[in-house]
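Residue numbers start from 1 in every chain, and the chains themselves are labelled A, B, ... in the order their sequence lines are given, proteins ahead of strands.
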Amino acid sequence: MTAVDGDPAASETYDARALQDKWRARWQKETPFVADEDPADDRPRSFVVDMFAYPSGDLHMGHAEVYAIGDVIARYGFQRGRNVLHPIGWDSFGLPAENAAIRNGTHPAEWTYANIETQAESFRRYGVSTDWSRRLHTSDPDYYRWNQWLFLRFFERGLAYRKNGLVNWCPKDQTVLANEQVVQGLCERCHTPVVRRSLNQWYFKITEYAQRLLDDMDQLADGWPAEVLTMQRNWIGRSQGADVAFGIEGRDEPVTVFTTRPDTLFGATFFVVAADAPLADELCTPEHRAAFDAYRAQVAKLSDIDRQSTEREKTGVFLGRHAVNPVNGERMPIWAADYVLADYGHGAIMAVPAHDQRDLDFARTFDLPVRTVVDTGEPEPAGSGTATTGDGVLVNSGPLDGLGKDDAIARIIAILGERGTGTGTVNYRLRDWLISRQRFWGTPIPIIHCPDCGEVPVPDDQLPVVLPDDLAGADLAPKGISPLAAAESWVNVDCPACGGPAKRDTDTMDTFVDSSWYPWRYCSPGYDAGPFDSAKANKWGPVDQYIGGKEHAILHLLYARFFTKVLHDLGMLDFTEPFTRLLNQGQVINGGRAMSKSLGNGVDLGTEIDSYGVDAVRLTMIFSGPPEDDIDWADVSPAASLKFLNRAFRVMVEAGAASEPGTDPAAGDLALRKATHQAIDKVTAAVEIQRFNVAVARIMELVTAARKAIDSGPGAADPAVREAAESVAVMLSLVAPYVAEEGWERLGHTGTVAIGNWRPADPALLVRESVTCVVQVANKVRDKLEVAPDITADELEALALASAKAQAHIGDRTIRKVVVRAPKLVNIVVS
RNA sequence: GCCCCGAUAUCCCAAUCGGCAGAGGAAAAUGACUCAAACUCAUUCAAGUGUGGGUUCGAAUCCCACUCGGGGCACCA
């Protein structure tokens, strides 16, 4: 620049903290971001939800990233004049609060609500366009009451039920876990190896929805990351096959197994039952009892990680009994082994060692016969040790001989069907969702256990079942049963059915129940006739854009999808999928790893904000790259962001000082006007496809163009400079709301810049009078022509061939072909 | 072991349909301002797109194989 001498505005830098205080107070007073519930409001609606926060301490860099990204999307909606619902809430039940309470000798509510206030304060400072009137906390009785209400609706439909079985138990947290919460044999939360226990627990019957969860992914193909859909598909794990009933010697009832390869039935040479299934116990003959009991005890001691290791040698014991192959009457020894899972299929398998690697490994360990029934052209599995699992020609299989795999499967299913010993069927890897937790800080399960009446639901009008408030500190220490069991006055109640003495269920619900339906609560906060007002939920829902981390690819997102379908079936929601579009933001990493307290590589958000201001931190998050990418804090520079914001600010200040709002830009400098409209066009396109980093780059270009126009062009008073500066304020408001508001005010405007100010680019200013056309000869650029954008291919070809430079390179070679891509390129192909 | 994603300048990242590899930023260098430094401003700088093939008039972009990095799944019969 060459700072304009004597003009104080020219070198003015903004005071981030002062702007934050000033505009925050104003937004709080004027609440510009409240969604409009007026039925007459027919603007297009936009429902933008950021995954709600868990209140552990203050907001950190990870939060800063999600909310910066979510806010760009929400604010873009506001700018485009949509009726935006952008709410906030806290996922405030859960273990960390309880552990803190045990440590500090307090009630979990103290820690929870103190942290929520801290986060809410930071959140307000962060300048997110939030509708605060809809704020919710899942630990409020007003909220969890509806978890209980929904539980009872599930219970009535048989979708909530209690069963005894082997469950995942975390020895550290002293509670059971759902399948989804066990990651590679470790507790998802504390990474302790999970063990199995036999307990009577509550489940939600998500398996009943397995097929719909799979099918409805078609609706999500455009709006969800493919990766997440793949993970869910794998998790649900549909497999198609057949159930086949095997007679058991010395037992009246046959045992059914599931197989995906019924075509290999003639190759079954032995039979395996899951060692930990009751069936194994039952089938074991007295002579083999001792060996079996010893084996079963050994299996019970194994952790999940050990048990699931594929490196492990196969183990098992013979049970002394035989099964009978329904197609050829062959006797097959029955073994118990731990490579067969008790809770998948029927807990028993027919072993076909030639065509299943696990069975082959087992057969080789225990010297059991291997019979090839599908000739794939590969070496014999018995000798090679490698099972052949591909397609081939059936052999040694009676009526199936000569058929291919698919035909053989169809044929054998037909045969089994005629005999009544088998049928085609589908199995899923997905298990029912175990929701009981033996912990305090969650939603009490609204069931009363009566010695006479059994499981009796708490009547709706007695909800909520509120947590007792006299348990705190050491009372909550994990002891393997729920701390609630110790609250005698709370536990002992009259049975709602018979009036006799009864006891409350003392478990609480998995907190993923809380987060499975919260978006709908946002639509009608405070509603007291149900969890939400269906009319409102149907008006706003489904969520147009959901923003959150990939760590919930299966857990939360699968549960929320399941809940939405159940709510649909209950007639409470019109739609069947909760989130139309999903954006998984990356992580903020430092030193190669995700920032975390335990690793000590965290960068404190508050410190960064104190140093550079909210706008610069937000801009840093957005500008670092595409939103899905991780941000390595070593690669980014909030200082550089601040530098740019100051440049932008000065442009707005100088334009504001030099002209009045409402100046007609038509009289302004044409080159700058074109740059402005080009920028608007490009920024709009980039925001639409969620390339926010590119949008910022385009705003930077516009600021540079405006700077040049002021310094060495038509000057600050030119109407085009005002138009550019105003556009900067509007577009920048998505990312840096404080500077944008202040700039807008300095440009002479009253009222917020954030709402309804996005003007489309003027098409007349986007057209170019000429474009550069490259003329290639044999793929090398030899000339450039300035041509009209609407030039025809023929005209352009003629021009290119007439080019002296091109002709010089063509020389005496023959022109074989001329490729014309009007108006940008002509390639003259010569021999 | 299987599946998915990625690799562009010193670094972070751009590049409609396959059409001049570079928009933006960082770092660096030079200059202006300054007693000086910082700030600010201006200018400059660099890669032929991980490797090897293929398709094409033309490939960062499409296809195949490989290398490296990241992620997911992994006894589910």
Side-chain angles (χ1 to χ4, degrees), chain A residues 1-5 10-13 183-184 225-231 233-235 237-239 241 257-262 264 272 274 307-312 314 337-341 343-352 355-359 361-362 427-431 550 553-554 586 619-620 623-626 628-632 634-637 639-641 643-644 646-647 650 682 685-686 689 691 693-701 703-704 707-708 711-712 772-782 784 816-821 824-830:
Chain A
M1 139 155 55
T2 69
V4 182
D5 294 321
S11 56
E12 181 173 348
T13 51
V183 179
Q184 312 209 313
E227 192 189 359
V228 174
L229 294 176
T230 304
M231 284 169 72
R233 216 167 264 129
N234 289 341
W235 188 261
R238 182 184 203 274
S239 55
V257 302
F258 174 72
T259 175
T260 52
R261 293 294 304 275
T264 63
V272 189
R307 190 168 167 173
Q308 284 171 10
S309 164
T310 45
E311 310 293 296
R312 243 174 94 230
K314 291 279 180 287
D338 66 354
Y339 82 94
V340 172
L341 306 177
D343 58 352
Y344 181 77
H346 305 282
I349 61 156
M350 65 173 203
V352 184
H355 308 296
D356 183 289
Q357 191 60 47
R358 297 155 299 184
D359 297 343
D361 293 343
F362 192 86
N427 248 287
Y428 300 91
R429 208 188 80 119
L430 182 70
R431 309 290 203 277
K550 237 183 341 206
I554 294 174
L619 178 65
T620 304
F623 186 54
S624 74
E628 307 80 22
D629 285 10
D630 288 344
I631 299 173
D632 190 333
D635 291 335
V636 298
S637 167
S641 298
K643 190 167 129 182
F644 162 69
N646 270 313
R647 281 163 55 83
R650 280 191 297 273
K682 294 266 181 60
I689 61 168
R691 282 303 180 257
N693 54 327
V694 179
V696 169
R698 298 287 99 83
I699 300 173
M700 287 173 168
E701 286 177 298
V703 168
T704 301
R707 179 78 264 154
K708 285 209 169 108
D711 292 342
S712 50
T772 306
C773 173
V774 285
V775 180
Q776 299 178 330
V777 178
N779 305 320
K780 293 211 171 69
V781 179
R782 297 304 187 185
K784 293 185 180 184
R816 283 178 45 210
K817 184 177 181 183
V818 181
V819 180
V820 183
R821 290 284 176 276
K824 293 172 70 180
L825 174 136
V826 176
N827 187 13
I828 301 165
V829 185
V830 294

So what does [X] touch, heavy atoms closer than 4.0 Å: a base, only the sugar-phosphate, or nothing?
{"X": "A:Val636", "answer": "nothing"}
{"X": "A:Thr230", "answer": "nothing"}
{"X": "A:Arg238", "answer": "nothing"}
{"X": "A:Val818", "answer": "nothing"}
{"X": "A:Lys643", "answer": "sugar-phosphate"}
{"X": "A:Ser624", "answer": "sugar-phosphate"}

Check: Considering residues at least two apart in sequence or located in another chain, which fulfil the ring pair (Phe, Tyr, Trp, His ring centres under 6.0 Å) criterion with A:Phe362?
Finding: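 Here the qualifying residues are A:Phe270, A:Trp335, A:Tyr339, A:Phe366.
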query: Mind checking what makes salt bridge (charged side-chain N to carboxylate O under 4.0 Å, His left out) contact with A:Arg691, not counting sequence neighbours?
result: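 For A:Arg691, the residues satisfying salt bridge (charged side-chain N to carboxylate O under 4.0 Å, His left out) (neighbours in sequence not counted) are A:Glu628.
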Quiz item: Under 3.5 Å, is there an N or O donor on one side and an acceptor on the other linking the side chain of A:Arg261 and the base of B:A77?
Solution: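 No such pair is found, so the answer is no.
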By side-chain hydrogen bond (donor to acceptor under 3.5 Å, both in side chains), which residues pair with [X], not counting sequence neighbours?
{"X": "A:Arg238", "result": "A:Gln211, A:Gln240"}
{"X": "A:Asp361", "result": "A:Gln357"}
{"X": "A:Thr620", "result": "A:Ser641"}
{"X": "A:Asn827", "result": "A:Asn779"}

Sequence neighbours excluded, the answer for side-chain contact (heavy atoms from CB on, under 4.5 Å) partners of A:Glu227 is A:Lys550
Would you tabulate the pairs of protein nitrogen or oxygen atoms and nucleotide nitrogen or oxygen atoms of nucleotides 55-58 of chain B closer than 3.5 angstrom?
unit_1: B:C57; atom_1: OP1; unit_2: A:Lys817; atom_2: NZ; d: 3.4
unit_1: B:C57; atom_1: O2'; unit_2: A:Asn779; atom_2: OD1; d: 2.8
unit_1: B:C57; atom_1: O2'; unit_2: A:Asn779; atom_2: ND2; d: 3.2
unit_1: B:C57; atom_1: O2; unit_2: A:Asn827; atom_2: ND2; d: 2.4
unit_1: B:G58; atom_1: O4'; unit_2: A:Asn779; atom_2: OD1; d: 3.3

What pairs of nitrogen or oxygen atoms, one from the protein and one from nucleotides 6-11 of chain B, lie under 3.5 Å apart?
none

